[in-house]
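First comes the structure, then the notes that go with it.
The first residue of the sequence shown is numbered 1, and numbering continues consecutively from there. In listed order, ligands and their atoms are each counted from 1.
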Amino acid sequence: MTTRFDLAFIGLGVMGFPMAGHLAAAGHRVTVYNRTGARADAWVAKHGGARAPTPAAAASGKALVFVCVGNDDDLRSVVLGQQGALAGMSKGSLLVDHTTASAIVAREVSAAARERGLEFLDAPVSGGQAGAENGKLTVMVGGDQGPFDRAKPVIDCYARACMLMGPVGAGQLTKMVNQICIAGLVQGLAEGLNFAQRAGLDGKKVVEVISKGAAQSWQMDNRANTMLDGKFEFGFAVNWMRKDLRISLEEARQNGARLPVAALVDQFYAQVQARGGGRWDTSSLMQLLAND
Ligand SMILES: NC(=O)c1ccc[n+]([C@@H]2O[C@H](COP(=O)([O-])OP(=O)(O)OC[C@H]3O[C@@H](n4cnc5c(N)ncnc54)[C@H](OP(=O)(O)O)[C@@H]3O)[C@@H](O)[C@H]2O)c1
């Protein structure tokens with residue numbers, strides 16, 4: 001049987017709220033912190049556990065501390081400083097960050113953790129809101145084997161795959177690969193479906209048949225029908241995708257990778273934002289084609 005821990009979870013957004021819920025459901029004792037207190041109250045009302053007034057207070061005395069916030073600066077603000085998680089943690093405990101952030105901030109937080117005798121893993125996730133709710137996320141981890149082995153049985157509460165990719169930062173670099181692969185694919189899918197509509201084909205029938213062949217993808221299986229229906233107010237927000245592509249493009253400038261398609265799709269997403277679609281799903285690239 002898995003050991004039950006005293007844990008902290010910081011950041012109860014679309015992803016963090018259900019992820020922390022899976023930890024509580026598995027029998028771990030979970031203390032939560034969320035900047036907007038009402039969400040922490042709602043979490044405790046639903047799952048039990050406790051709510052703390054600061055990240056440091058939530059993390060105090062916990063063997064494992066999880067974070068899932070928005071971006072690099074959000075991570076710094078809940079982890080570093082007097083009220084930050086690191087300030088509350090005891091020597092030998094482990095911080096696991098599920099935020100999609102840069103490899104640079106992962107190394108920065110890891111160094112700050114090491115100075116205090118703490119351990120750190122960067123562990124961004126893929127699988128979206130549905131993956132978080134169903135406990136079926138993919139988790140890409142950077143760090144050392146020892147802390148990974150300690151965290152994995154706990155992460156498994158909400159993951160269907162969890163793999164150590166290399167040293168600190170390697171989780172974030174793997175997530176960048178994931179986002180680069182998705183960007184061009186969604187644009188290709190949007191172009192194909194828009195072409196089908198303009199050619200007078202029944203888009204859903206087209207998807208039914210081509211999804212059995214080489215064009216099949218997660219995006220086609222999960223997004224093609226809503227794209228054809230022009231429904232975009234759900235899912236993984238364009239604002240998040242632009243953050244992820246910016247991180248990827250910055251990293252590519254350092255490592256020499258060429259990302260012409262990702263850079264172009266990033267500009268298409270800027271157009272979606274200009275149309276007020278910052279919170280629309282990334283499949284809203286289709287909307288640009290429909291209205292041009
Ligand atoms: N949504 C997805 O489908 C998805 C999929 C894969 C990966 N991700 C990644 O997972 C991370 C979280 O995404 P999400 O969808 O859960 O976002 P979200 O719903 O916007 O939640 C963000 C969370 O971070 C907290 N937060 C943000 N800035 C903060 C700050 N400066 N100080 C303290 N707390 C702060 C928010 O607190 P408040 O409640 O006070 O705002 C909230 O709890 C992001 O890095 C995202 O790219 C998301």
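- Residues that satisfy the side-chain contact (heavy atoms from CB on, under 4.5 Å) test with Ala50, not counting sequence neighbours, are Thr31.
- The side-chain contact (heavy atoms from CB on, under 4.5 Å) check on Ala106 picks up Phe120, Asp122, Val168, Gln172, with sequence neighbours excluded.
- Under 4.0 Å from any atom of ligand 1, one finds heavy atoms of residues Gly11, Leu12, Gly13, Val14, Met15, Asn34, Arg35, Thr36, Cys68, Val69, Gly70, Asp74, Ser77, Val78, Thr99, Thr100, Val125, Gly128, Gln129, Lys175, Phe236, Trp240, Lys243.
- Taking the six-membered ring for Trp and the full ring otherwise, the centers of Phe9 and His28 sit at least 6.0 Å from each other.
- Among the candidates Leu95, Val154, Asp97, the single residue satisfying the side-chain contact (heavy atoms from CB on, under 4.5 Å) test with Phe66 is Val154.
- Side-chain atoms of Gln187 and Glu191 include a donor-acceptor pair closer than 3.5 Å.
- For Gln145, the side chain to side chain donor-acceptor pair (under 3.5 Å) test picks out Asp149, with sequence neighbours left out.
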